[in-house]
Every structure is written in C-alpha cells, then in structure tokens.
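Naming convention: chains lettered A, B, ... in sequence-line order (proteins, then strands); numbering from 1 in each chain. Note that the structure is predicted; figures quoted are calculated from it, not measured.
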Number of protein chains: 2
Amino acid sequence: MATGRTHRPATRSRGIPEATVARLPLYLRALTALSERSVPTVSSEELAAAAGVNSAKLRKDFSYLGSYGTRGVGYDVEYLVYQISRELGLTQDWPVVIVGIGNLGAALANYGGFASRGFRVAALIDADPAMAGKPVAGMPVQHTDDLEKIIEENGVSIGVIATPAGAAQQVSERLIAAGVTSILNFAPTVLSVPEGVDVRKVDLSIELQILAFHEQRKAGEGSGGAGADVDADTEPGADAAAGAAPVAAVEPPAGRAAAAAAAARKGGPEGDVPAVMPA
Amino acid sequence: MATGRTHRPATRSRGIPEATVARLPLYLRALTALSERSVPTVSSEELAAAAGVNSAKLRKDFSYLGSYGTRGVGYDVEYLVYQISRELGLTQDWPVVIVGIGNLGAALANYGGFASRGFRVAALIDADPAMAGKPVAGMPVQHTDDLEKIIEENGVSIGVIATPAGAAQQVSERLIAAGVTSILNFAPTVLSVPEGVDVRKVDLSIELQILAFHEQRKAGEGSGGAGADVDADTEPGADAAAGAAPVAAVEPPAGRAAAAAAAARKGGPEGDVPAVMPA
DNA sequence: CACTGTGAACACTTTCACAGCT
DNA sequence: AGCTGTGAAAGTGTTCACAGTG
C-alpha cells in the first residue's frame, strides 16, 4: 500500500489509480474480442499484447481489482469481462444526452458502440429551431428549451457537448443545474464546473498540435540552437524522411517587437479556435 | 511511445516533458484569446486560470521552454504566443489527410480550427467509390486507390484515421508505407505501428466508460473511502449539482459460472465496439 | 513589492524481479 | 513448469515554498 497519504480506510482498498481506470476500457475491448472468438482463457502476456500495453502493467492493474487470475493458467475471459464491466459501472444503463447536433453530434449519435455498452442515447438536443423534429440516427432532435425537462425525466447524469465553443460553457451550466454530473466535452473550451462534476475533454486540435510537436522533432533540428533531439523518441528505424516533411524554415527568434509582429500575423480569420461543428 | 533507453546525456537538454507538451496547446489557446482582446501581458495566475491549470504548474511548464516572463510583471502575450507556436511546430504548415469520410470524417473536414492553426487538409480519402468526387467541406473526396500518390505528392506526414475499426490497421499501414509518421486515430482499435511512428488515439467509448466509472462512485458507495474525484481542475464554485443519479444496484458478485453467464448475456449485437462512423 | 523561476518534497505511475500458488 | 500477484526500485509528474529579480 505504500505511503498512505492520509488515512485510507484499511478496508478493501477501493482506490483504483486513475491511470488504471483509464486502461480498463482497453482491456475490456480486447477481452470482448476474445470472448467472441470463444477463447476461454488468456495469459497476461497475450492480453497485454492485444491491448497494446506490457504485461507487468496489466497484471498490476488487475491486482487493484482483486485476484481474478489463476496462477499457472491465466485469466478466465468471461469472468474478467464481467468483473471489469462491473468495476466500470457498465452493468447498469447510462442514459446520455448529446447537445449540439451538427456534423459531429450526428456522428456521435450514429455511433453504434454507444448502445452496445451500457450507454443509451436518451435525447439529441440542438439550439437550432430548424433542427427540431428532424430525425438523426432514428431519433427526433429536440430543442434546447426542453433540456432541463429531458434531463430530469430521463434521469440523465452524463452529457455530451458537441456545440460550438461559444455555447459550451452555458450548455454545461444548464446540464449541471438539471442534474448532470459527468460531461464529455468536444468543444474546444475549458469548462469551468463546480466540484463534484467530472469533465473529460476530447479536442482535435490539441491532439494534432501534440503530433506536430513530435513530428517537428523527427524532421530536422539536427543542429543549432535547439540542441540535439535529445529525447531519443525512437530510433528512425524506418527512415523518417520518407514523407518529405514540410521544409518551411522556422522564423528565427528576434527582438520582442519583431516576434510579436510575427505572432500577430498568424492570427487566423476565425476567432479563437472555432467550434468543431457549425450548428 | 519511445522506449527511453539507458543513459540520457546530461547536457541541459531540450527534453520537454510529455505532460508539458500536452498542455502547451491549452496555453496557446488561452493566449490567443487574450491576444485578440489586445491584452498585452498576463501573470501566471491569470493565464493558469484561463487554461484551467494551477499557476505553479504553468510556471514550471514555461520554465522548460526558457525564461520568457518578466519578474514582477508577467508574460508578454504576443511573445509567448510566438514562442509556444514555434515550440509546437506551428510556424510551419502541416498538410494532413483524413481517411474515412463518414459522419465523423466529414465533421473533421469541416472543422475550422484545422486551417487556422498550421494544419491544412490536403485531401479527403474514402474507400467507397460512390463517395469519390463528391464534395465535402468544399473539397472532392478521393478514392483510397490514390492514397499513396496523394501522400507523396503533398508531402503529408500526419494522417487522421476516421474509418471503421476493421479498416484502421490496414489504412495505417498504407499511410506509414507512403511516408506518414504521425497518426491521429479515431477508430476504436489498437494500432500496431513500427517504431518512430507516433499514434494518438481519440476514443469516445473509452471516455464514456471512464466517466461511468466515476459516476458510479458518486452514486452509491457513500460509505467507503474514495471521495475525491478525478481532476480538481478549476476553483471550487458552488457545490450545487445534486443531480439524481441512477441508483440501479450493481449485481452482486457470484461464483465463476454464474458470473460468466451474466457476462455472456451482455454480448452486444454488434461485434467488437464498432466504428464511429459507417463510412 | 509583485511576480517569475526553480530546487526540493511529495505523489503517482511504470517497471523489475521474484515469491508463491496451481 | 508456468503464470499470477506484488513488494521494491526507478521514473515521471505535481506541488510547495522561497530565493531572485525587474
């Protein structure tokens, strides 16, 4: 148990590390695939490979759930599927609402994996009156005016926000006031929410920017100010140059005034990073 | 990602921690907003609040980039925008291709923030011949047959996969063979790629499952230890919330046979967690 | 004085390596 | 013999608190 920070009740340690929780869905997916192929048992090694992690990590993760394996044999697939599902709360049904039915919202609504795993789309909500009543994914879009009613009547506690950035904060406040306590936010904004409400964020441009950072490292940078590509991110086993990365030279640093000008030029036509979808 | 091997050169390295890299886009977004309001300087405290992190973390993050602030004053907004953009590689143009133009692919193609920040959609690619030529986001969809040609001609090094799960691995292999070295994967599969290729994953059902886990904690389970929640990001506001969360009790554990049966019952109609979009 | 920049403490995560069970 | 489960070590990330500076 290591250093218990404050006093954790010595009961069955219910404290599953966040990093482990984030991997459970991965294991579950791999296990489900095995289950469909009627594979009865897996070793930590096999399952880890399927989930894309290493086996020590997997075993450690499972050890937080309990001792569900059999030494010398491995894990019973069906049993583990059940245990992980239960741990994740997927043995109950979670009604969710999707707010903002643009391209992205529609894509989410059509997402099959939703229904198959304990989640049920209870309603699609959009602010555009022209959308109201239109069927999306076999379900009529409802107007934002009814948001509170919909949340309450369906006992919704998880909301998905797929609105433009400008609307997201307000939508989140209405969702929360109506009883939602978990939000999955696709709008490119930081939501500020009261304690006790969980927010997870999915943000395309952040992901791309992180990729660009690493991509830049791979490309050139052999010499000069920035130093060698220290973080031996990986060996260029397969020649990174193949793709002829863009060569545009980075403008050299300059005095603050000049730099500021350069930065200002970048200001796009749109305001802040705009919303993922237009309506 | 990179198996960090043995000794790290003790040179005061350019090694920016991954966690910091992941936050730079957040800072950049907040700074861009300030820049548009012509705010000349920010303190770490203010900027941190806008980005949803705490100020110590922000200062530490910036310290990896260099000393870009002024003691007693704060940071010059324009200057920081430029420095972070440069660090992230956004001063150059990154052509990207999107493969799989279903609902999600179309949503991504229409995503405005793409273009405004160093990323340019070079092509939309889909396997459906019926899609070929159709305009999406003002751009004709091209057929998968031409994938390699498109990648090479445009010098694309970043690919976005928005295909069904079943196609993702193969698509990634073709992208990589053609020169792509960074992939943003929206398909619910673990991609296996050679060393030197970065993959980032965006997965709706994983995010929902993580939310469900925490949601479940909030609902029942009042007695046990774990009380705190995930991410205490912003300042505590009103504690309100108080939603009526679903109360359905989790089925009690049972003997292995019974549990397995229960688990089996859950097997969804669809195969594995299906793709986000139908292509 | 206000605010940055940073060493040092602390907390969390991953990895190692092996004891222990079947 | 084979594989799980887990302490302990190593590595990463976060927070504290204050020295240093404009």
Side-chain angles (χ1 to χ4, degrees), chain A residues 1-8 12-13 15-24 26-27 40-49 51-77 79-80 83 210 230-233 256, chain B residues 1-8 10 12-13 15-24 26-27 40-49 51-77 79-80 83 226 228-233 235 256:
Chain A
M1 213 27 106
T3 45
R5 37 175 295 211
T6 35
H7 13 278
R8 179 166 296 287
R12 283 293 305 278
S13 52
I16 300 179
E18 194 52 35
T20 295
V21 171
R23 280 186 297 267
L24 292 181
L26 230 51
Y27 301 143
T41 59
V42 249
S43 66
S44 61
E45 202 72 56
E46 295 164 328
L47 184 54
V53 304
N54 76 30
S55 64
K57 194 186 288 185
L58 178 143
R59 286 200 302 279
K60 186 61 120 181
D61 283 342
F62 286 178
S63 79
Y64 294 116
L65 307 183
S67 289
Y68 294 152
T70 307
R71 290 168 202 242
V73 178
Y75 300 91
D76 180 291
V77 171
Y79 186 62
L80 245 195
Q83 291 299 345
I210 295 170
V230 172
D231 189 357
D233 208 354
R256 298 218 167 178
Chain B
M1 201 175 303
T3 354
R5 223 57 286 172
T6 39
H7 21 20
R8 175 159 305 282
R12 161 207 67 255
S13 60
I16 300 179
E18 193 53 36
T20 295
V21 172
R23 280 186 296 265
L24 292 180
L26 229 51
Y27 301 144
T41 59
V42 247
S43 67
S44 61
E45 201 72 56
E46 293 164 329
L47 184 53
V53 303
N54 76 33
S55 63
K57 194 186 289 185
L58 178 142
R59 287 199 303 278
K60 184 62 114 182
D61 283 341
F62 285 178
S63 80
Y64 294 117
L65 307 183
S67 289
Y68 294 150
T70 307
R71 290 168 200 245
V73 178
Y75 300 92
D76 180 292
V77 172
Y79 185 62
L80 245 196
Q83 290 298 346
D229 42 16
V230 210
D231 201 353
D233 35 43
E235 295 262 83
R256 299 217 166 180

Next on the checklist: Apply side-chain contact (heavy atoms from CB on, under 4.5 Å) to residues B/R23 and B/V53 and explain how you reach the verdict.
Outcome noted: CA-CA 9 Å; B/R23 280 186 296 265; B/V53 303; 4.0 Å; yes
Checklist outcome for this item: Atom CZ of B/R23 and atom P of D/dT12 are separated, to the nearest Å, by 15 Å
Item to check | Listed partners of B/R59 passing salt bridge (charged side-chain N to carboxylate O under 4.0 Å, His left out), at least two apart | outcome: none
Item to check | Proximal nucleotide (of D/dG13, D/dT14, C/dT6) relative to the B/S63 side chain | outcome: C/dT6
Item to check | Whole-Å distance separating the CD atom of B/E45 from the P atom of C/dT4 | outcome: 8 Å
Checklist entry - According to a strict under-4.0 Å criterion, is A/Y75 in side-chain N/O contact with OP1 or OP2 of D/dG5? => result yes
Next on the checklist: Going by side-chain contact (heavy atoms from CB on, under 4.5 Å), name the residues that satisfy it together with B/P17, two or more places apart in sequence or in a different chain.
Outcome noted: B/T20, B/Y64
Checklist entry - Given atom CG of B/L47 and atom P of C/dC3, what is their separation to the nearest angstrom? => result 14 Å
Item to check | For atom CG of B/D76 and atom C1' of C/dT4, their distance in whole Å | outcome: 15 Å
Checklist entry - How long is the line joining NZ of A/K57 and P of D/dT4, in whole Å? => result 17 Å
Checklist entry - To the nearest angstrom, how far is A/L58 atom CG from C/dC16 atom P? => result 15 Å
Next on the checklist: Applying side-chain contact (heavy atoms from CB on, under 4.5 Å), can you list everything that pairs with A/I210, at least two apart in sequence or on another chain?
Outcome noted: A/I206, A/H214, B/E18, B/V21, B/A22, B/P25, B/R200
Checklist outcome for this item: A/A49 meets the side-chain contact (heavy atoms from CB on, under 4.5 Å) criterion, sequence neighbours left out, with none
Checklist entry - For nucleotides 16-22 of chain D, read 5' to 3', which letter fits each nucleotide if B means a protein heavy atom sits under 4.0 Å from the base, S means only the sugar-phosphate is that close, and - means neither? => result -B-BBBS
Item to check | side-chain N/O B/S44 vs C/dT4 OP1/OP2, d < 4.0 Å | outcome: yes
Checklist entry - In whole Å, what is the span from the CD atom of A/Q83 to the P atom of D/dG5? => result 12 Å
Item to check | Pairing residues for A/F62 by the ring-ring contact (aromatic ring centres under 6.0 Å, His included) criterion, not counting sequence neighbours | outcome: A/Y27, A/Y75
Item to check | Inter-residue atom distance A/T41.OG1 - A/E46.CD, 0.5 Å rounding | outcome: 7.5 Å
Next on the checklist: Using whole Å, what does the distance between atom C1' of nucleotide D/dT12 and atom CG of B/D61 come to?
Outcome noted: 13 Å
Item to check | B/P17 side-chain proximity, nearest of D/dT15, C/dT13, D/dG13 | outcome: D/dG13
